[in-house]
Trainee: 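I have a structure here, written as structure tokens, and I will follow up with some questions on it.
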Amino acid sequence: METIFADMTKGIDKKLMQKAGDILKEGGLVAFPTETVYGLGGNALDAEASRKIYAAKGRPSDNPLIVHIADFDALPKIVKEVPKAARDLADAFWPGPMTMILNKNDKVPMSTTGGLSTVAIRFPDNEIADAMILAGGGYIAAPSANTSGRPSPTTAQHVKEDLDGKIDMIIDGGPVGIGVESTIVDLTEDIPMVLRPGYINMDMLREVLGEVRLDPGLHFNDPNFHPKAPGMKYRHYAPKAPLTIVEGPADLVVDKINELSQEGEAAGKRVGIIATDETAARYHHGIIKSIGTRTEEITISMHLYGILRDFDALNADMIYSEAFETPNLGQAIMNRLIKAAGHQVIKV
Ligand code: TXA
Ligand code: MG
């Protein structure tokens, strides 16, 4: 299949946007930017389109998709009911990086929800995404637009690396602003529960909803717990090389990574180091890349997946990363980083 590249970095191209809408209405697939990561869109109400999404990504079909809308009034049409908590969340955070889970109605096919009777819904805060959703019929199922298992795409180039020739169109809207996927809040439980941490953090949710729990299944190291969001159990977000996180006071972390990277180099390995602007100059071995600055957390989340892909392209044999327990985004960043590391964490 020939994939159309639609450059919209300088604004929406109306003709190409109409083409995207036509593709979606005919059951095809279009990758598009959102404020979190790039998505791979297909008509959420068309079971066959959902099946195509799973096939293009190589994704297990028990892993449900998020339905993207671009109009508040689209919500009640695909769910059994809209509880007050859902209205409050929508008022506070939509359009934005927050996905809610509600009980679905019959309009949403089981192939979109991986066989579940619930559906995840999100209204993204991105002009191109919203125009495309509306052009495509108003309900667009979209997982992240990466090959299953690879780091999520934060530029159109990343999407091209993974999906060129496998989908109908890629819309380039430039690099994303947040870089980690939306916060998922399950409203089908008695107490709202976060299934995936994101930019909208626990404190922000509690301000709107009162009591909010974090899915106990996210505490990875206990094999007795399983995350409720099916997608959170897979070891995705992963770079090709084994990644190890070194956690502790900054000076000790730098010393440890210097020691490990020296050992790696001495053994003839290509070592990658994920540093920050504050620490980059203090490393002396391997390929050192700054992910961003600790004084501006968003620079870290924004570059997380890209830096993992960079080390793939450089054929790193091993990667060491500092930990990023920053105040607001730390939970989301560390959730992804720890998964990318397959739980390989050294405490110093
Ligand atoms: O920021 C985002 O949410 C991005 C952009 C493209 O919007 N999308 C995204 O989709 O991250 P995806 O498919 O990569 O992740 C969807 C997650 C998976 O972990 C999936 O298991 C969970 O949402 N999920 C979807 N529907 C669910 C449901 N009904 N119940 C529990 N978890 C659900
Ligand atoms: Mg994903």
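Start at 1 and go down the list; that is how both ligands and their atoms are numbered. Residues: numbered from 1 along the sequence shown. Since this is a predicted model, take the numbers as computed values, not measurements.
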Trainee: With no hydrogens and no angle check, do the side chains of S182 and R196 hold a donor and an acceptor under 3.5 Å apart?
Mentor: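 A donor-acceptor contact under 3.5 Å links the two side chains.
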
Trainee: Check ligand 1 against G39 and write out every atom of the ligand that is under 4.0 Å from a heavy-atom position of the residue.
Mentor: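 Matching atoms, with element in brackets: 6 (C).
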
Trainee: Please list, in number order, the atoms of ligand 1 under 4.0 Å from a heavy atom of L116.
Mentor: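 Counting atoms of ligand 1 from 1, those under 4.0 Å from L116 are 28 (C), 29 (N), 30 (N).
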
Trainee: For the residue pair N43 and K25, confirm or rule out a side-chain donor-acceptor distance under 3.5 Å.
Mentor: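 No, no side-chain donor-acceptor pair sits under 3.5 Å.
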
Trainee: Judging by distance only, is a nitrogen or oxygen of T36 under 3.5 angstrom from one on ligand 1?
Mentor: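 Between T36 and ligand 1, an N or O pair is found under 3.5 Å apart.
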
Trainee: I'd like to check which ligand 1 atoms, numbered from 1 as shown, lie under 4.0 Å from a non-hydrogen atom of H68.
Mentor: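 So the answer, numbered in order with elements, is 5 (C), 6 (C), 7 (O).
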
Trainee: With the threshold set at 4.0 Å, does a side-chain nitrogen-carboxylate oxygen contact exist between D162 and R309?
Mentor: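 Yes, D162 and R309 are salt-bridged.
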
Trainee: Would you please test F32 and Y38 for ring-ring contact (aromatic ring centres under 6.0 Å, His included) and show each step?
Mentor: CA-CA 6 Å; F32 63 102; Y38 272 72; 8.0 Å; no

Trainee: Check whether more than 12 heavy atoms from other residues, nucleotides or ligands sit under 6.0 Å from atom CD of Q18, and answer yes or no.
Mentor: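 No, because the 6.0 Å sphere around CD of Q18 holds 12 heavy atoms or fewer from other groups.
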
Trainee: With a 4.0 Å cut-off on heavy atoms, does K104 reach ligand 1?
Mentor: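 Distance cut 4.0 Å: K104 fails for ligand 1.
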
Trainee: Would you say E35 and N126 are linked by a side-chain donor-acceptor pair, where the criterion is simply a distance under 3.5 Å?
Mentor: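 Looking only at side-chain atoms, E35 and N126 do not form any donor-acceptor pair under 3.5 Å.
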
Trainee: If we only count heavy atoms from C-beta on, is the Y305 to R150 side-chain gap below 4.5 Å?
Mentor: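 SC-SC contact between Y305 and R150 ruled out.
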
Trainee: Side chain or backbone of M193 under 4.0 Å from ligand 1, or both, or neither, by non-hydrogen atoms?
Mentor: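 Neither part.
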
Trainee: Give the numbers and elements of all ligand 1 atoms closer than 4.0 Å to a heavy atom of R196.
Mentor: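 Near R196, the atoms of ligand 1 are 2 (C), 3 (O), 9 (C), 11 (O), 15 (O), 16 (C), 17 (C).
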
Trainee: For ligand 1, which atoms have a heavy atom of E181 less than 4.0 angstrom away?
Mentor: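 Checking each atom against E181, I get 1 (O), 2 (C), 11 (O).
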
Trainee: Taking 4.0 angstrom as the limit and counting only heavy atoms of S182, give me the atoms of ligand 1 inside it, by number and element.
Mentor: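 Heavy-atom distances to S182 below 4.0 Å select 1 (O), 2 (C), 3 (O).
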
Trainee: Against ligand 1, does E35 come closer than 4.0 Å with any heavy atom?
Mentor: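 It does not, in that no heavy atom of E35 comes within the 4.0 Å cut-off of ligand 1.
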
Trainee: Residue-level breakdown please: for N63 versus ligand 1, do any non-hydrogen atoms fall below 4.0 Å on the side chain, on the backbone, on both, or on neither?
Mentor: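 The answer is the side chain of N63.
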
Trainee: How about S148: does one of its N, O or S atoms come closer than 2.8 Å to the Mg ion (ligand 2)?
Mentor: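 Given the 2.8 Å cut-off, S148 does not count as a ligand of the Mg ion (ligand 2).
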
Trainee: Y38 to ligand 1: N or O pair under 3.5 Å?
Mentor: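 No, no N or O pair falls under 3.5 Å.
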
Trainee: For R270, is there an ion pair with E265 - N to carboxylate O distance below 4.0 angstrom?
Mentor: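 Salt bridge: no.
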
Trainee: Just to be sure I read this right, does ligand 1 sit under 4.0 Å from the backbone of I184, its side chain, both, or neither, counting only heavy atoms?
Mentor: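 Side chain only.
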
Trainee: Of all the heavy atoms in A142, does at least one lie under 4.0 Å from an atom in ligand 1?
Mentor: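 Under 4.0 Å: yes for A142.
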
Trainee: Find the distance between CE (M318) and CD1 (I273) and round it off to the nearest 0.5 Å.
Mentor: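 If we round to the nearest 0.5 Å, M318:CE and I273:CD1 are 11.0 Å apart.
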
Trainee: Considering only heavy atoms of P230, which atoms of ligand 1 have at least one such atom less than 4.0 Å away?
Mentor: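 In order of numbering, the contacting atoms are 21 (O), 31 (C), 32 (N).
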
Trainee: Which of these, T154, D312, I274, sits in a side-chain contact (heavy atoms from CB on, under 4.5 Å) with I307?
Mentor: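 Of the listed residues T154, D312, I274, the side-chain contact (heavy atoms from CB on, under 4.5 Å) partner of I307 is I274.
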
Trainee: Which atoms of ligand 1 have any heavy atom of T118 under 4.0 Å away?
Mentor: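 Answer for ligand 1: 28 (C), 29 (N), 30 (N).
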
Trainee: Is E322 salt-bridged to R294, going by a charged N under 4.0 Å from an acidic O?
Mentor: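 Looking at R294 together with E322, the answer is yes, because their closest N to O distance falls below 4.0 Å.
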
